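Structure, as C-alpha cells:
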Amino acid sequence: MTAQPGAAGQVAPGLRHPLVVRDGVRWTCKLSVSLPVNRHKPSVDVVFRSVSEKVGPNGLGLILTGMVKDGAQGLKDMLEAGVHAIPLA
C-alpha cells in the first residue's frame with residue numbers, strides 16, 4: 001500500500017504488523033509476520049517504531065484509544081525521534 005497525502009490510515013489484517021518503509025520517493029506499508037508485541041499482532045508499537053526509525057520528524061503519531069500498553073512505548077520512541085505525536089487516550 002502506498003501512503004497518500006490526506007488519506008486516512010490503513011487497517012492492518014490480523015496476524016501481521018504494519019511497517020512504514022521508503023520505496024524510492026514514496027512511503028509504503030509493508031506487512032511483517034514477526035512475533036506479537038505486547039501480546040498483540042498487529043501492534044501499534046511496531047508501526048510507531050517504524051515511523052520513528054524511517055520517517056522521523058516528517059511523521060505524525062496519534063493514539064485515539066489503546067489496548068492496555070500497546071502504543072505507549074512506540075509513541076515515546078516517536079517523540080524521541082522528533083516525530084509529532086498526539087496522545088489523546
Side-chain angles (χ1 to χ4, degrees):
M1 294 175 269
T2 301
Q4 299 292 327
Q10 304 291 328
V11 176
L15 304 179
R16 302 283 191 272
H17 293 298
L19 301 170
V20 176
V21 296
R22 187 76 173 198
D23 181 17
V25 297
R26 297 178 296 166
W27 293 106
T28 62
C29 181
K30 174 179 140 184
L31 297 175
S32 166
V33 294
S34 61
L35 296 173
V37 174
N38 297 322
R39 298 184 321 265
H40 299 287
K41 191 172 179 181
S43 168
V44 176
D45 277 336
V46 173
V47 70
F48 278 4
R49 192 171 302 121
S50 73
V51 170
S52 65
E53 293 171 356
K54 304 296 182 182
V55 183
N58 293 318
L60 172 67
L62 175 67
I63 293 182
L64 298 175
T65 186
M67 294 294 294
V68 189
K69 290 175 125 177
D70 189 41
Q73 183 61 50
L75 192 65
K76 183 176 183 268
D77 293 344
M78 291 175 73
L79 288 168
E80 291 172 355
V83 176
H84 301 285
I86 306 167
L88 297 179

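Note: hydrogens, waters and symmetry copies are ignored here, and every other heavy atom, side chains too, is used. These figures come from a predicted structure and were not determined experimentally.
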Under the side chain to side chain contact (heavy atoms under 4.5 Å, CB included) test, residues paired with A72 that sit two or more places apart: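 With sequence neighbours excluded, A72 shows a side chain to side chain contact (heavy atoms under 4.5 Å, CB included) to no residue whatsoever.
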Heavy atoms only: give me the nearest [X]-[Y] pair and the separation to one decimal.
X	Y	result
P57	A81	CD-O, 3.8 Å
V20	K54	O-CG, 3.4 Å
S50	P18	OG-O, 4.4 Å
P36	H17	CA-NE2, 4.0 Å
R49	D77	NE-OD2, 3.5 Å
L15	P42	N-CD, 4.2 Å

Should we count CZ of R39 as having more than 12 external heavy atoms under 6.0 Å?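 Not more than 12 within 6.0 Å, no.
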Counting only heavy atoms not in K76, do more than 12 sit closer than 6.0 Å to its NZ atom? no
Transitive ILVMFWY side-chain link [X] to [Y], under 4.5 Å:
X	Y	answer
V55	L75	yes
W27	V51	yes
F48	V37	no
V44	L79	no

When you measure from the side chain of H84 to the backbone N and O of L60, does any donor-acceptor pair fall under 3.5 Å? no
Which value, rounded to the nearest 0.5 Å, describes the distance between S52 atom OG and D45 atom CG?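 One finds 10.0 Å between OG of S52 and CG of D45.
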Do L31 and P13 make a side-chain contact, defined as non-hydrogen atoms from C-beta onward lying under 4.5 Å apart? yes
